[in-house]
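Working notes for the structure below.
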Amino acid sequence: MQAILLPRFFDRSALVVGRELLGKFLVRRRRGREVALPVTELEVYDGFKDRASHAFWGKTARNQVMFGDAGHLYVYLVYGMHWMLNVTVGPSGYPAAILIRGAGDIRGPGKLTATLGIDKRQNGTSALPASGLWFEDRGVRVPDELVEKTARIGISYAGNVWAKKPYRFLLKERDQVTLIISYARILHERKQAG
DNA sequence: GCAGTGATCATA
DNA sequence: ATGATCACTGCC
């Protein structure tokens with residue numbers, strides 16, 4: 001069972017999509033090789049009033065993708081060296097996006113993009129196979145008791161209220177999850193070998 | 001604790 | 001044009 005997440009999945013409330021994206025698979029295909037990793041950590045940036053969001057001060061050349069249709073990739077450079085991968089959510093005209101901070105055994109949004117070869121070339125493209133980067137539901141259901149919610153990272157400039165919103169979602173027992181994934185990979189490879 | 005690095009926006 | 005800032009990482 002595996003289904004590509006289509007734009008309609010992303011065209012809903014940012015917090016709902018964020019919660020549901022945990023455990024979905026981020027799939028990256030390049031040079032004929034495909035890697036699929038379960039999303040383990042993310043942050044939600046939601047709308048005009050979110051002081052932590054790039055969209056708070058309005059639309060600019062950089063953040064315009066956030067104002068567009070749901071299900072598109074918003075990729076930008078921070079601190080001069082790290083690409084950040086986001087997927088846009090919510091209706092057109094309403095700026096919202098989800099920052100992917102971890103997938104599989106990769107922790108940290110900069111390491112994720114470095115590992116998967118993601119940069120400005122993906123900015124503005126659809127989160128569909130044509131872009132080489134998309135999301136799939138592979139039948140994993142993450143129960144509420146395995147979801148931890150905390151404040152977002154690195155946004156102290158956002159003021160008391162918005163800096164404290166529990167918009168960062170991560171899987172508890174992340175190590176066990178990645179262990180199970182690598183186990184599944186070993187079993188799969190063994191099966192291939194016969 | 002803080003250096004490195006370069007795109008972005010000029011507002012709070 | 002310049003300068004402050006930054007949704008990070010790795011090393012001290």
Side-chain angles (χ1 to χ4, degrees), chain A residues 10 12-24 26 28 35 37-91 93-127 131 133-135 147-172 174-175 178:
Chain A
F10 298 99
R12 295 178 294 156
S13 138
L15 290 169
V16 168
V17 178
R19 166 64 182 85
E20 291 190 17
L21 208 51
L22 278 179
K24 299 295 189 293
L26 175 65
R28 172 73 168 131
V35 183
L37 302 167
V39 175
T40 58
E41 179 183 345
L42 55 84
E43 282 174 3
V44 173
Y45 290 84
D46 187 16
F48 300 96
K49 290 186 283 191
D50 184 351
R51 297 184 75 94
S53 171
H54 287 170
F56 181 72
W57 299 106
K59 190 197 248 184
T60 66
R62 177 177 67 163
N63 66 20
Q64 59 176 323
V65 179
M66 290 185 78
F67 290 77
D69 292 333
H72 286 248
L73 302 175
Y74 172 41
V75 184
Y76 66 89
L77 188 69
V78 73
Y79 296 114
M81 47 187 118
H82 303 297
W83 295 100
M84 299 289 103
L85 170 65
N86 301 249
V87 57
T88 59
V89 297
Y94 182 86
I98 292 172
L99 169 67
I100 311 299
R101 294 187 58 91
D105 56 355
I106 306 168
R107 293 176 190 202
K111 284 193 282 190
L112 181 73
T113 55
T115 303
L116 297 180
I118 295 164
D119 58 30
K120 65 181 171 200
R121 289 172 296 181
Q122 281 77 37
N123 187 42
T125 64
S126 295
S131 301
L133 190 63
W134 68 97
F135 295 89
V147 177
E148 185 177 355
K149 298 184 182 182
T150 78
R152 292 168 291 183
I153 305 294
I155 52 144
S156 51
Y157 57 83
N160 253 338
V161 173
W162 287 94
K164 287 179 176 165
K165 296 248 185 211
Y167 282 8
R168 174 176 176 238
F169 299 174
L170 23 52
L171 282 184
K172 294 178 187 171
R174 176 155 49 173
D175 292 333
T178 57

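A, B, ... follow the sequence lines: proteins, then strands. Residue 1 opens every chain.
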Expected rows: protein N/O vs nucleotides 7-11 of chain B N/O, under 3.5 Å:
| from | atom 1 | to | atom 2 | distance (Å) |
| --- | --- | --- | --- | --- |
| B/dC9 | OP1 | A/Thr60 | OG1 | 2.2 |

Gap separating the OH atom of A/Tyr45 from the CD1 atom of A/Ile155, nearest 0.5 angstrom = 5.5 Å
query = Atom OH of A/Tyr76 and atom P of B/dG6: how far apart are they, to the nearest Å?
reply = 18 Å
remark   = Whole-Å distance, A/Phe56 CZ to C/dA7 C1', equals 16 Å
message = Keeping A/Ser53 on the side-chain end and A/Ala55 on the backbone end, is there a donor-acceptor pair under 3.5 Å?
response = yes
task = Check salt bridge (Lys or Arg N to Asp or Glu O under 4.0 Å) between A/Arg28 and all other residues, then give those that pass, not counting sequence neighbours.
result = none
Per-nucleotide pairing state of DNA chain B [Watson-Crick or G-U, under 3.5 Å; [ ] pseudoknot-crossing; | other strand] = ||||.|||||..
Approximate separation, where rounding is to 0.5 Å, of A/Ile118 CD1 and A/Leu112 CG = 5.5 Å
query = Taking only residues two or more places apart in sequence, or in another chain, which ones meet A/Asp46 in a side chain to side chain donor-acceptor pair (under 3.5 Å)?
reply = A/Tyr94
key: Gap separating the CG atom of A/Leu116 from the CH2 atom of A/Trp83, nearest 0.5 angstrom   = 15.0 Å
query = Is it true that A/Arg107 and A/Glu41 make a salt bridge, defined as a side-chain N closer than 4.0 Å to a carboxylate O?
reply = no
Salt bridge (charged side-chain N to carboxylate O under 4.0 Å, His left out) partner of A/Glu43, the single match among A/Lys165, A/Lys149, A/Arg101 = A/Arg101
note = A/Tyr76 meets the ring-ring contact (aromatic ring centres under 6.0 Å, His included) criterion, sequence neighbours left out, with A/His54, A/Tyr74
note = d(A/Ile98 CD1, A/Leu15 CG) to nearest 0.5 Å is 8.5 Å
Between protein and nucleotides 8-10 of chain C, what N or O pairs are separated by less than 3.5 Å?
| from | atom 1 | to | atom 2 | distance (Å) |
| --- | --- | --- | --- | --- |
| C/dC8 | OP1 | A/Arg101 | NH1 | 3.1 |
| C/dC8 | O3' | A/Gly110 | N | 3.4 |
| C/dC8 | O2 | A/His82 | NE2 | 2.9 |
| C/dT9 | OP1 | A/Gly108 | O | 3.4 |
| C/dT9 | OP1 | A/Pro109 | N | 3.0 |
| C/dT9 | OP1 | A/Gly110 | N | 2.6 |
| C/dT9 | OP1 | A/Lys111 | N | 3.3 |
| C/dT9 | O4' | A/His82 | NE2 | 3.4 |

task = Give A/Tyr45 one of three labels, base, sugar-phosphate or nothing, depending on what nucleic acid heavy atoms sit under 4.0 Å from its own.
result = base
